[in-house]
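Every chain is numbered from 1, with letters handed out A, B, ... down the list of sequences.
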Number of protein chains: 2
Amino acid sequence: MAKRLTQQDIARMAGVSQATVSLVLNNRQDGGVRIAPETRARVLEVIRRTGYVANPIARRLHDQRNRILGVFTYEAVFPSTRADFYQPFLEGIEEQAEEAGCDLLLFTSAKAAGGRRRIFSDDSRIRLADGCVLLGRTVDRDDLAQLLTEGIPFVSIGRRDDAGGAVPHVGADYPAAVRDLVDRAVALGHRKFAYAGAGKGAESSADRLRGFREAVAAHGVDGVHVPFTGLDPLLGAGITAVLAEEVSDGAALVLAARERGLSVPGDLSVLTLGAATRPAPQDLDLTGFRIPRREMGRRAVQALTEVIEHGTTPRELLTCEFVAGSTLG
Amino acid sequence: MAKRLTQQDIARMAGVSQATVSLVLNNRQDGGVRIAPETRARVLEVIRRTGYVANPIARRLHDQRNRILGVFTYEAVFPSTRADFYQPFLEGIEEQAEEAGCDLLLFTSAKAAGGRRRIFSDDSRIRLADGCVLLGRTVDRDDLAQLLTEGIPFVSIGRRDDAGGAVPHVGADYPAAVRDLVDRAVALGHRKFAYAGAGKGAESSADRLRGFREAVAAHGVDGVHVPFTGLDPLLGAGITAVLAEEVSDGAALVLAARERGLSVPGDLSVLTLGAATRPAPQDLDLTGFRIPRREMGRRAVQALTEVIEHGTTPRELLTCEFVAGSTLG
DNA sequence: TCAAGATGCTAATTCGAATTACTACAGGGT
DNA sequence: ACCCTGTAGTAATTCGAATTAGCATCTTGA
């Protein structure tokens, strides 16, 4: 393998010093730096002839910045089963990274110790990057705490509870989105609501349930929280509008109701809250909201840039867009 | 931003020299290097406590390994329009990288100069990685040549013609796959074939056409090459079996034939050759072959590891699996 | 008891480029 | 002759980690 040319080589060929080559290469004119036009031309000619390109590694070593942004996920991102979830986020991340002139480092080397990746292991490579975007429905709290104490610049996609300190994040404003759905349903005459789903565990689940509770309280209407167990318990309780955390659960409700000869939304309205841990049928035209995944990816990278440059702690919730659908009436 | 820890810092904390930290970190025991167990333990403890990781840039400057593998694509990988194409490759790449304990660097910073990314620009970052996987239907020949002359380890996914030297690649064996299809069709009685598609441009297209020509020659049957222009020219020429380079073209043929009251495969057999530059309907059950994309991704990373470690020039074609379908008879 | 050998660690150098402080010299003014 | 200013360039240092030569110190064996 042919040894790569260095500035020293160029310098020798042009009969100048390495420093001069560097100065010419970076076209420096400021701060009392002067290179005679002929010298400059001579150096440039040698560079042109040899096709010399500065070694980016040495360059970065000096500049203290990599222009590398890390992306950490707690599972592999590409398998098609997970692709639907990660895809839009990554799309936004990639877009913004390109704009910022940064490369993306996927931490694929993180060993799945005990089935799940961990950021910090014996040989953590997290510091390879200037900073890191965290992606996943839930994030290990110990990992978060350690990121904070070690002062590693990072931004979580998705709101996160404090973990020994405020966690920088770019999330979706689930409370507002869920309140909006309830508002619309109340305006249409609904008075008995149910929230079907976990409502806890991940912050995103808790936030949705919180929005639900706030909304029913504000309107003074009935609202119960139940784990998702199918259609019967809901009908028995006289519910007229169900908010299903999981899209696939919402879809299941619609199908079950119709199978039983009930009309959706005539007899029952079904609203879906965007959680997609399982694949769901696409053809049901469910009413709900759209999580701005791609935009979240973009904003996360922007926020990360700020963290890296100014050490700020950005926390931001993006608005979810209402999706009219046809299951609310 | 909190200053990043250096070996010097670790050394101070452990009360040893920077050299010792380096030796412990790399677990060196050879060549007269000896570190007392207690010292080693003390250093490791500090490393563990602080979560210190060697700066890859500095490391790379000195030796030649980062455990970072680059992935270069000539367009953004995540946009959903391209996802179907890239996804399976990336899945394999990620899998194998994880196994090899390497991280993946996506060259998102490569500016699309003139609409298309280029590997080499004024400030090429290609050398951040230990080596690089190239992904794309076509690859810039100048880029290839420069990769070769600069001795940068890389592997192309997809066979590539020489570009001032043999290009390491992991491709699909299109000639064999196409020959196999022709063989099967001949065995079923077909004697007049057409190859519909570009048959040139990308190596993958040329390889398919070459396989076609070899096969019809070997069997002594009729075989013409036409650009894809719909159904009529084929019927006029008395063709009974069409091999459509593009999946979507194959699908179009089937639909057109059936619309005209013809039976597929009764009146016309349609074989598809797996090229997917455009989205195609999934429900037609076309006869053809499956490109082992995921496996290609895996093998490419394995091959790249060999290139990096031993400077070899692996060239390999993987077998495409026959897909029976229902459009050959 | 003293040289030989083993042990444990460190000083110094290297990688390639960027940057700063500084030198060397020319010409002008007094 | 002296200082001053401007010009053109270079030597030396820096970034962080890896490596090698070599310096102390401690054990043995004769």
Original post:
Just how far, in rounded Å, is P of D/dT13 from CD of A/Gln18?
Top reply: 14 Å
Original post:
Between C/dG16 and A/Tyr52, is there an OP1 or OP2 to side-chain N/O distance shorter than 4.0 Å?
Top reply: no
**OP:** With heavy atoms under 4.0 Å as the rule, sort A/Arg34 into base, sugar-phosphate or nothing.
**Re:** base
Original post:
If each of A/Ala36 and B/Leu61 is mapped to the nucleotide of DNA chain D with the nearest heavy atom, which maps nearer the 5' terminus, i.e. the 5' end?
Top reply: A/Ala36
Original post:
Does a side-chain N-to-carboxylate-O contact under 4.0 Å join A/Glu45 and A/Arg48?
Top reply: yes
**OP:** Give a yes/no answer on whether the side chain of A/Thr20 brings an N or O atom under 4.0 Å of OP1 or OP2 in D/dT10.
**Re:** yes
Original post:
Does A/Asn26 place a side-chain N or O at less than 4.0 Å from the phosphate oxygens OP1/OP2 of C/dA17?
Top reply: no
Subject >> A/Arg65 CZ to C/dA18 P, straight-line distance once rounded to whole Å >> reply: 17 Å
**OP:** Whole angstrom is fine here: how far is it from CD in B/Gln8 over to P in C/dT13?
**Re:** 16 Å
**OP:** Using side-chain contact (heavy atoms from CB on, under 4.5 Å) as the criterion, point out the one residue from B/Leu106, B/Leu105, B/Val71 that pairs with A/Asp103.
**Re:** B/Leu105
Original post:
Looking across every strand, which nucleic acid part, if any, lies under 4.0 Å from B/Val16 by heavy atom: base, sugar-phosphate, or nothing?
Top reply: sugar-phosphate
Original post:
Picking from D/dG16, D/dT19, C/dT19, which would you name as closest to the side chain of B/Ala58?
Top reply: D/dG16
Original post:
How long is the gap from CG on B/Leu128 to CZ on A/Arg67, to the nearest 0.5 Å?
Top reply: 11.5 Å
Original post:
Do any side-chain nitrogens or oxygens of A/Arg28 fall under 4.0 Å of OP1 or OP2 in C/dA18?
Top reply: no
Original post:
Are A/Arg294 and A/Glu91 close enough for a salt bridge, meaning some N to O gap below 4.0 Å?
Top reply: yes
Original post:
Rounded to the nearest Å, what distance is computed from the CG atom of residue A/Leu23 to the P atom of nucleotide C/dA18?
Top reply: 9 Å
Subject >> A/Asp161 with A/Arg159: basic N within carboxylate O range, under 4.0 Å >> reply: yes
**OP:** Round to a whole Å and report the spacing from CD1 of B/Ile10 to P of D/dA17.
**Re:** 9 Å
**OP:** Tell me whether the OP1 or OP2 atom of C/dG16 has a side-chain N or O from A/Ser22 closer than 4.0 Å.
**Re:** no
**OP:** State which of D/dA18, D/dC15, C/dA17 makes the closest approach to the side chain of B/Leu25.
**Re:** D/dA18
Original post:
Between B/Arg60 (CZ) and D/dT19 (P), how many Å, whole number?
Top reply: 14 Å
Original post:
What is the distance from CG of B/Asn55 to P of D/dA17, rounded to the nearest Å?
Top reply: 5 Å
Original post:
Mapping B/Ala19 and A/Val33 onto DNA chain C by nearest heavy atom, which one lands closer to the 5' end?
Top reply: B/Ala19
Subject >> Distance in angstrom units between A/Glu38 CD and D/dT7 C1', rounded >> reply: 12 Å
